[in-house]
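Down below is the structure, laid out as structure tokens.
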Amino acid sequence: MFHPPLDPLNPARGLRVLVVEDNLLIAETICDMLEDCGCAALGPAPDIQRGMQLLEGERPDGVLLDINLGGTLSFPLAATLEAQGVPFVFMTGYDEGTLFPPQFRAVRRISKPFDAKNVAEVLEVWGRMARHNP
């Protein structure tokens with residue numbers, strides 16, 4: 001997988017990030033934010049099925065994953081991402097003790113409503129990881 005050279009001012013530039021979010025307005029906001037950071041937004045996928053389909057086509061550099069997709073919890077998709085070694089974060093309004101299975105309690109969460117700074121921090125980490133693990 002080709003990645004452009006590391007940009008010390010923007011390590012996220014060139015990342016391909018899958019957005020799995022059922023709320024169209026939130027999904028569009030996230031996609032715009034990704035593009036502002038120099039990333040390519042994949043999706044958005046409104047449900048687990050579409051998220052899985054997009055994963056079959058290509059391997060993203062990271063996934064921003066909503067927990068509740070139209071009343072269905074996204075943990076099966078999270079398990080697939082984990083098995084494939086694709087980094088992801090949960091974007092959610094739920095707190096840790098509410099419904100997180102033990103295997104996902106250590107996964108980073110970005111709380112909704114989210115702050116663009118938190119998303120940018122995650123993208124920076126993924127950018128550095130992608131350049132070090134081509």
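Contacts of E56 classified as side-chain hydrogen bond (donor to acceptor under 3.5 Å, both in side chains), with partners at least two apart in sequence or in another chain: none. Partners of L54 by side-chain contact (heavy atoms from CB on, under 4.5 Å), not counting sequence neighbours, listed by chain and number: L18, A45, R50.
Minimum interatomic distance between D61 and G14 (heavy atoms only, all atoms of both residues): OD2-O, 4.3 Å. Contact detail for Q103 and A79: the closest heavy-atom pair is NE2-CB, 4.5 Å. The two residues P60 and L55 have their closest heavy-atom pair at CD-CD2, 3.6 Å. For the pair V20 and D47, the tightest heavy-atom approach, listed with the atom from each and the gap, is CG1-O, 4.2 Å.
Separating the CE atom in M91 from the CG atom in L64 is a distance of 5.5 Å, to the nearest 0.5 Å. With rounding to the nearest 0.5 angstrom, the CG atom of L15 is 10.0 Å from the CE atom of M129.
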N/O donor to acceptor pairs below 3.5 angstrom from side-chain atoms of residues 81-88, sequence neighbours left out:
none

Anything under 3.5 Å between a donor and an acceptor, one on a side chain of residues 65-78, the other on a protein residue two or more places apart or in another chain? List them.
from : atom 1 : to   : atom 2 : distance (Å)
D66  : OD1    : K112 : NZ     : 3.1
D66  : OD2    : K112 : NZ     : 3.4
N68  : OD1    : G71  : N      : 2.7
N68  : ND2    : Y94  : OH     : 3.0
S74  : OG     : D66  : O      : 2.7
S74  : OG     : I67  : O      : 3.4

Using atom types as modelled, flag every donor-acceptor pair under 3.5 Å from a side chain in residues 28-42 to any protein atom, sequence neighbours excluded.
from : atom 1 : to  : atom 2 : distance (Å)
T29  : OG1    : L25 : O      : 2.9

Given side-chain contact (heavy atoms from CB on, under 4.5 Å), test W126 with V89 step by step and report yes or no.
CA-CA 11 Å; W126 289 349; V89 296; 4.1 Å; yes
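Identified under the ring-ring contact (aromatic ring centres under 6.0 Å, His included) test for residues 29-74, with sequence neighbours left out: none.
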